[in-house]
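If you're wondering where the values come from, they're calculated on a predicted model, not measured in any experiment.
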Amino acid sequence: MDINSLKQLGKTLIEEYGLESSTNTLERWMLHYLAELFDKEREYGNADETKTIQLEIKEIILEFWRLRYRLADEDSLFKKNQALIDTLEKISPQSVIPISSFFNPYDSKDTLEVSEAGWQERLLAIDKSSKVVMSHCILKYLNDIADKNNDIVKLIESIEDFNSPESFLSRFYGDETAETDKIENIEERIQNLTVFIDTAESVIEEYRSALASLAVDSHDKPK
């Protein structure tokens with residue numbers, strides 16, 4: 001067990017939760033109890049006793065981790081991540097962990113010219129480009145929190161192999177920032193977005209025409 005990573009994760013979570021200034025009796029008790037365990041872990045010379053204390057410390061910190069969305073301050077990283085994850089669950093309700101499977105803009109390399117795209121091809125381009133736009137929005141968010149999120153992910157994964165949403169966000173950020181440096185992938189995204197925009201403009205014109213016809217029909221009806 002990496003006790004130093006464990007302690008650092010505990011410290012990070014306590015800071016994110018604002019527990020040091022908490023007035024909640026249970027939270028204060030857990031904080032003091034954890035501090036006592038850290039003191040015992042330093043004092044014990046017996047290897048078996050030290051291991052037992054470390055396991056108890058680990059369980060408490062992992063419980064803090066499991067409760068991170070409930071305990072965290074409103075302005076904390078975890079509350080912001082929770083809002084993003086809740087949104088992704090609404091977009092992709094069938095996925096167990098939405099971000100793990102929802103974004104995959106590089107699964108094919110079919111690039112379309114606008115003039116060549118039939119409706120079947122347009123549907124694929126629209127699906128792909130909509131994910132590109134959404135992933136771009138998520139990247140904007142992750143740009144601001146990536147370093148902090150990655151530090152927390154390293155800590156939690158050094159203690160236990162956790163497939164947490166934070167881990168998927170970190171991997172997604174790493175994959176996307178690496179891929180967007182490649183010219184061919186940026187060109188492909190632009191091409192699919194162009195098909196999307198052209199199709200959207202065509203649909204808008206059809207709706208405007210239909211709306212105008214309905215307005216004329218409504219005006220011509222006898223009152």
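Between the side chain of R68 and the main chain of W65, a donor-acceptor pair closer than 3.5 Å is present. Between the side chain of S202 and the main chain of D198, no donor-acceptor pair closer than 3.5 Å is present.
In this structure, CZ in R189 is found 9.0 Å from NE2 in H136, a value given to the nearest 0.5 Å. Residue I190 holds its CD1 atom at 11.0 Å from CD of E188, rounded to the nearest 0.5 Å. Note: Q54 CD to T52 OG1 = 9.5 Å, rounded to the nearest 0.5 Å. With rounding to the nearest 0.5 Å, the separation of NZ in K51 from CG in N46 is 12.0 Å. For the atom pair E36 CD and I57 CD1, the distance stands at 11.5 Å (nearest 0.5 Å). To the nearest 0.5 Å, the span separating CG on L169 from CZ on R171 amounts to 10.5 Å.
The minimum heavy-atom distance between N149 and E166, with the atom names listed, is ND2-O, 3.2 Å. The minimum heavy-atom distance linking L193 with S129 is given by the pair CD2-CB, 3.7 Å. Residue T87 comes nearest to A83 through the heavy atom pair OG1-O, 2.9 Å, listed as atom of the first residue, atom of the second, then distance. Counting all heavy atoms, side chain and backbone alike, F78 lies closest to Y69 at O-CD2, 3.3 Å.
A side chain to side chain contact (heavy atoms under 4.5 Å, CB included) with Y141 is found for one member of D144, N143, I145 and no other, namely I145.
Note: the hydrophobic cluster containing L123 does not contain F196 (ILVMFWY, side chain heavy atoms under 4.5 Å, direct or indirect links). Hydrophobic cluster membership is shared by I60 and L13, with clusters built from Ile, Leu, Val, Met, Phe, Trp and Tyr side chains linked at under 4.5 angstrom. I61 and V153 are members of different hydrophobic clusters when ILVMFWY side chains are connected at heavy-atom separations under 4.5 Å. V195 and I197 fall into different hydrophobic clusters, defined by Ile, Leu, Val, Met, Phe, Trp and Tyr side-chain heavy atoms under 4.5 Å apart, directly or through other members. Linking ILVMFWY residues whenever their side-chain heavy atoms come closer than 4.5 Å, directly or via other members, places L62 and L67 in the same cluster.
Side-chain contact between T12 and L155 is present, with heavy atoms from C-beta onward closer than 4.5 Å.
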Applying salt bridge (charged side-chain N to carboxylate O under 4.0 Å, His left out), run through D151 and K148 and close with a yes or a no.
CA-CA 5 Å; D151 288 343; K148 190 173 188 179; over 6 Å; no
Trace of the side-chain contact (heavy atoms from CB on, under 4.5 Å) decision for E205 with S209:
CA-CA 6 Å; E205 286 304 311; S209 177; over 6 Å; no
Determine whether E41 and L37 satisfy the following criterion, side-chain contact (heavy atoms from CB on, under 4.5 Å), listing intermediate values before the conclusion.
CA-CA 6 Å; E41 187 268 336; L37 289 176; over 6 Å; no
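With a 6.0 Å radius and a threshold of 12 heavy atoms from other residues, nucleotides or ligands, D147 has its CG atom at or below the threshold.
A salt bridge does not link E43 to K40: none of the charged side-chain nitrogens sits closer than 4.0 Å to a carboxylate oxygen.
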